[in-house]
Amino acid sequence: RLGKTYHFIDPFLGINNPGATISPYNTDCEFVRSQYSADAPIKIHRELIPNCFPLAGLDALAFVHLNVTYPPAESASLAYLYEKLSPGGFILIDYYSFGHGQFATYDPAIEKIGAVVFSLVTGQGVIQRPLR
């Protein structure tokens with residue numbers, strides 16, 4: 001109803017990070033697809049970030065939720081994602097300040113794109129692209 005396409009980027013390997021062999025994560029792409037109506041504007045990209053970029057046919061992003069639990073891949077994706085982010089759009093990084101934080105991994109990439117991150121008490125980091 002928003003006139004937007006929801007892009008899922010997940011290879012559905014059920015891994016937590018490269019090299020992991022046991023995980024409770026979903027490996028069934030069709031299970032995810034079944035959560036939406038047949039005509040829902042979703043696209044499932046079954047690749048790992050950042051190797052999947054650029055995404056074909058993607059002009060802009062309104063909201064990005066990074067939750068792969070592998071900060072190096074997310075950090076390496078920030079420049080591309082921020083470039084595609086619409087003015088006023090948000091990037092939510094799940095593990096930014098969780099526990100002891102992943103500042104050493106994320107902050108250089110955030111500084112490089114000229115963004116500012118707001119750290120939530122939940123351990124997430126939020127980046128908003130300025131309106132102008």
Side-chain angles (χ1 to χ4, degrees):
R1 292 181 287 201
L2 295 174
K4 300 187 183 304
T5 299
Y6 192 3
H7 292 267
F8 293 88
I9 302 171
D10 191 332
F12 293 92
L13 299 174
I15 56 173
N16 194 27
N17 54 52
T21 57
I22 299 173
S23 174
Y25 295 110
N26 176 38
T27 59
D28 185 358
C29 176
E30 290 309 312
F31 173 74
V32 173
R33 183 70 180 100
S34 72
Q35 305 301 304
Y36 299 88
S37 64
D39 62 343
I42 69 168
K43 289 187 180 178
I44 298 176
H45 308 274
R46 297 191 64 176
E47 302 167 81
L48 290 169
I49 66 169
N51 301 343
C52 63
F53 299 132
L55 295 177
L58 179 70
D59 295 322
L61 296 164
F63 175 76
V64 174
H65 180 201
L66 293 171
N67 185 24
V68 299
T69 68
Y70 188 61
E74 292 180 350
S75 178
S77 300
L78 283 175
Y80 172 78
L81 295 169
Y82 191 75
E83 176 188 318
K84 292 294 186 182
L85 200 61
S86 298
F90 290 91
I91 296 175
L92 177 67
I93 305 169
D94 261 11
Y95 293 94
Y96 176 72
S97 61
F98 186 75
H100 296 291
Q102 303 294 324
F103 310 112
T105 303
Y106 290 111
D107 286 351
I110 292 167
E111 184 177 322
K112 190 172 183 176
I113 61 175
V116 177
V117 65
F118 177 75
S119 187
L120 301 175
V121 297
T122 57
Q124 298 166 313
V126 179
I127 297 171
Q128 182 180 26
R129 181 139 193 172
L131 289 172
R132 301 189 197 278

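This chain uses plain numbering: 1 for the first residue, then up along the sequence.
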Query raised in the report: Taking the six-membered ring of Y82, is the NZ or CZ of R129 close enough (under 6.0 Å from the centre) and on axis enough (within 45°)?
Result: yes
Query raised in the report: Quick one: does I127's side chain get under 4.5 Å of F90's, heavy atoms only?
Result: no
Report task. Check the angle between the aromatic planes of F98 and Y95 and answer parallel, tilted or perpendicular using the 30° and 60° thresholds. Result -> perpendicular
Requested in this report: Decide yes or no for T122 and Y96: does some side-chain heavy atom of the first lie under 4.5 Å from some side-chain heavy atom of the second?
Outcome: no
Query - Cluster check Y70, L92: I/L/V/M/F/W/Y, side chain < 4.5 angstrom - result: no
Query - Separation of R33 CZ from D28 CG (nearest 0.5 Å) - result: 13.0 Å
Query raised in the report: Can you find a pair of side-chain heavy atoms, one from L58 and one from Y80, that are under 4.5 Å apart?
Result: yes
Query raised in the report: Do R46 and D10 come close enough that some side-chain heavy atom pair is under 4.5 Å?
Result: no
Query - S119 backbone acceptor or donor facing S97 side chain under 3.5 Å - result: no
Requested in this report: Check whether more than 12 heavy atoms from other residues, nucleotides or ligands sit under 6.0 Å from atom CD of E47, and answer yes or no.
Outcome: yes
Query - Within 6.0 angstrom of F53 CZ, more than 12 heavy atoms from elsewhere - result: yes
Requested in this report: Step through it carefully: locate the ring centre of F31, locate the ring centre of F12, and say whether they are under 6.0 Å apart.
Outcome: no
**Report entry** Pair Y106-E74, side-chain donor/acceptor within less than 3.5 Å
**Finding:** yes
Query - Cluster check I110, V126: I/L/V/M/F/W/Y, side chain < 4.5 angstrom - result: no
Requested in this report: Examine distances only and state if a side-chain atom of Q124 and a backbone atom of I93 form a donor-acceptor pair shorter than 3.5 Å.
Outcome: no
Report task. Could you pull out the closest heavy-atom pair between V32 and N26, with the gap in Å? Result -> CG2-ND2, 3.4 Å
Query raised in the report: Do I42 and F8 come within less than 4.5 Å of each other through their side chains, counting heavy atoms only?
Result: yes
Query - Heavy-atom check, side chain of L78 versus side chain of I91, under 4.5 Å - result: yes
Report summary line: In terms of heavy-atom contacts, P50 and A73 come closest through CD-O, 4.0 Å
Query - Side-chain heavy atoms of I49 within contact of L66, under 4.5 Å - result: yes
Query raised in the report: Atom NZ in K84, atom OG in S77: separation rounded to 0.5 Å?
Result: 14.0 Å
**Report entry** Evaluation steps, side chain to side chain contact (heavy atoms under 4.5 Å, CB included), between V64 and L85
**Finding:** CA-CA 8 Å; V64 174; L85 200 61; 4.3 Å; yes
Query - Reported CD1-to-CG distance for the pair I9 and N67, which is rounded to 0.5 angstrom - result: 12.5 Å
Query - Y6 atom OH, neighbour heavy-atom count above 12 within 6.0 Å - result: no
Report task. Take atom NE2 of H65 as the centre, draw a 6.0 Å sphere, and report whether it contains more than 12 heavy atoms from other residues, nucleotides or ligands. Result -> yes
**Report entry** Heavy-atom donor-acceptor pair, S75 side chain to P71 backbone, under 3.5 Å
**Finding:** no
Query raised in the report: Got a donor-acceptor contact below 3.5 angstrom from the S86 side chain to the A62 backbone?
Result: no
